[in-house]
Amino acid sequence: MAADLDASVMLTAVLVAHFGVRLTLYNRLNGWGLERKLTKLLEKLLVLETFVTPVVVTVVLWRPLASFLEGTAPWQSLPFAFRLTSYSLFLGATVFGLLWLLWRPILKVQHARSLRRSQVENIGQTVNVPLALTKRCQLLDRIPINQMFQLSIDQVELTVPGLPEELDGYRLAHLSDVHLTGQVAPEFTHRVLDHVTQWQPDLIALTGDIVDTERCLDWIPDLFGPVVAPDGCWFILGNHDVRVRNPDHVRLRMRDSGWRDLGSQVELEPLRGTPVNLVGNEYPWFGRPTDEHMQRRTADFCLTLSHSPDQFDWARKHGVQLMLAGHTHGGQGRLPLAGPLISPSLHGTRWASGDFYRPPTTLHVSRGLSSVQLLRIHCRPELSLLTLRCR
């Protein structure tokens, strides 16, 4: 009986390791910057392989596996290829599993100093029109644990080492992952932007994934045109903006609406009379400033808008003091205490959302506002209202 139990535990561990390694690969696929169709094809193939492989192995090795489970045959009796694969899975799952545990949000490893006050508004109950425009969206909205319309308005006092004293108390509104898909009524985004306007920030930053479908381009002027800030409204594009036939149309509509395009640019702007370099990084889906371009910066303080938090090391290499990012949606779903399991990043769920510091760069990652995947579990959409502090 004990032998049967030990065998069952061992084979269960192999299966868990198999799924863990595949989840690790799935998280990282999106960070490679491959063409969208190829990325989606690889994701589907990986999901298919994840479930088909255990079934095929069980069918092919049914007899030796049954004998092992019954305790009539030792582990060594199983085929060498199966044992070697199992050892490899154990090793990979152990390494990535330990790293996953290390970066759990509750442990606060490499987190920045910040004070966060959150106010939740169920926008579905605030506006006087239905927000769910499609049958799919209406169906998912009925799921009790789905928080996709429960906006978290997060006022964050964020300590930024290297921030000039003149910018202490500077107010910066950060938006990300608007995802105008046509499934959610524009009133959702309009309400979010109302909150931005009421807060009266010095500067507004939008870090990509603005439009997913061509027909939503016409929504941009009405949504973003009325929004203003003393030091400007700045934007970059993200990977979902390539879903529009010509992403330059997104740029053009945003510019015509009064927003300033920072994509792959380095701009020198006076914020409260203090010279600041504003940098746009849309890599790997579009461009980013060259090393030479970054070396020619003239200001001591640099604020970078990046769609993906994967550019954290790039920002550190170039001495960026503050970087804003999105893309990961906070994992779209989060377990209590453990945090997210899924995050489209080369670093997995490490930078899924929150405030981080690795000298000399402070990184703020937003959970974003919307998504093509209309399901958020313990992971509300986020509007970040940042107040920068020197200490």
Can you give each donor-acceptor pair under 3.5 Å made by side-chain atoms of residues 381-391, sequence neighbours left out, with the distance rounded to 0.1 Å?
| residue | atom | partner | partner atom | Å |
| --- | --- | --- | --- | --- |
| E382 | OE1 | R367 | N | 2.9 |
| E382 | OE2 | R116 | NH1 | 3.2 |
| E382 | OE2 | S384 | OG | 2.8 |
| S384 | OG | H364 | NE2 | 2.8 |
| R389 | NE | E157 | OE1 | 3.2 |
| R389 | NH1 | D168 | OD2 | 3.3 |

Show me, pair by pair, the donor-acceptor contacts under 3.5 angstrom made by side chains of residues 9-19, not counting sequence neighbours?
| residue | atom | partner | partner atom | Å |
| --- | --- | --- | --- | --- |
| T12 | OG1 | S8 | O | 2.7 |
| H18 | ND1 | R22 | NH1 | 3.4 |
| H18 | NE2 | T50 | O | 2.8 |

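Heavy-atom contacts from other residues, nucleotides or ligands closer than 6.0 Å to NE2 of H190 number 12 or fewer.
Here the side chains of L206 and W234 are not in contact, with every heavy-atom distance at 4.5 Å or above.
Counting all heavy atoms, side chain and backbone alike, D231 lies closest to P270 at OD1-O, 4.0 Å.
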Go through it in stages, so that I can follow the logic: the residues are R334 and S353, the test is side-chain hydrogen bond (donor to acceptor under 3.5 Å, both in side chains), and I'd like the CA-CA distance, side-chain angles, deciding distance and then a yes or no.
CA-CA 11 Å; R334 300 169 72 88; S353 67; 3.2 Å; yes
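Checking side-chain atoms of N146 against main-chain N and O of R376 turns up a donor-acceptor pair under 3.5 Å. With hydrogens and angles ignored, the 3.5 Å screen pairs a side-chain donor or acceptor of R83 with a backbone N or O of L78.
Every residue meeting the salt bridge (Lys or Arg N to Asp or Glu O under 4.0 Å) condition with R191, not counting sequence neighbours, appears here in chain and number order: E121. Legend: residues meeting ring-ring contact (aromatic ring centres under 6.0 Å, His included) with H307, ordered by chain and number and at least two apart, are W285, H327. The ring-ring contact (aromatic ring centres under 6.0 Å, His included) test applied to W314 returns H318, not counting sequence neighbours.
A cation-pi arrangement is present between R251 and F286, with the terminal nitrogen or guanidinium carbon under 6.0 Å from the aromatic centre and inside a 45° cone about the axis. A cation-pi arrangement, defined by a distance under 6.0 Å to the six-membered ring centre and an angle within 45 degrees of its axis, is absent between R113 and Y357. Seen from the ring of W32, R28 does not count as a face-on cation partner, given the 6.0 Å and 45° thresholds.
In summary, D212 and R243 engage in a salt bridge, as defined by a charged side-chain N under 4.0 Å from a carboxylate O. Salt bridge R117/D154: absent, no basic N to carboxylate O contact under 4.0 Å.
Between F235 and W259, the distance from one ring center to the other does not fall under 6.0 angstrom.
Here salt bridge (charged side-chain N to carboxylate O under 4.0 Å, His left out) pairs that include residues 295-304, with residues two or more places apart or in two chains, are E292-R296.
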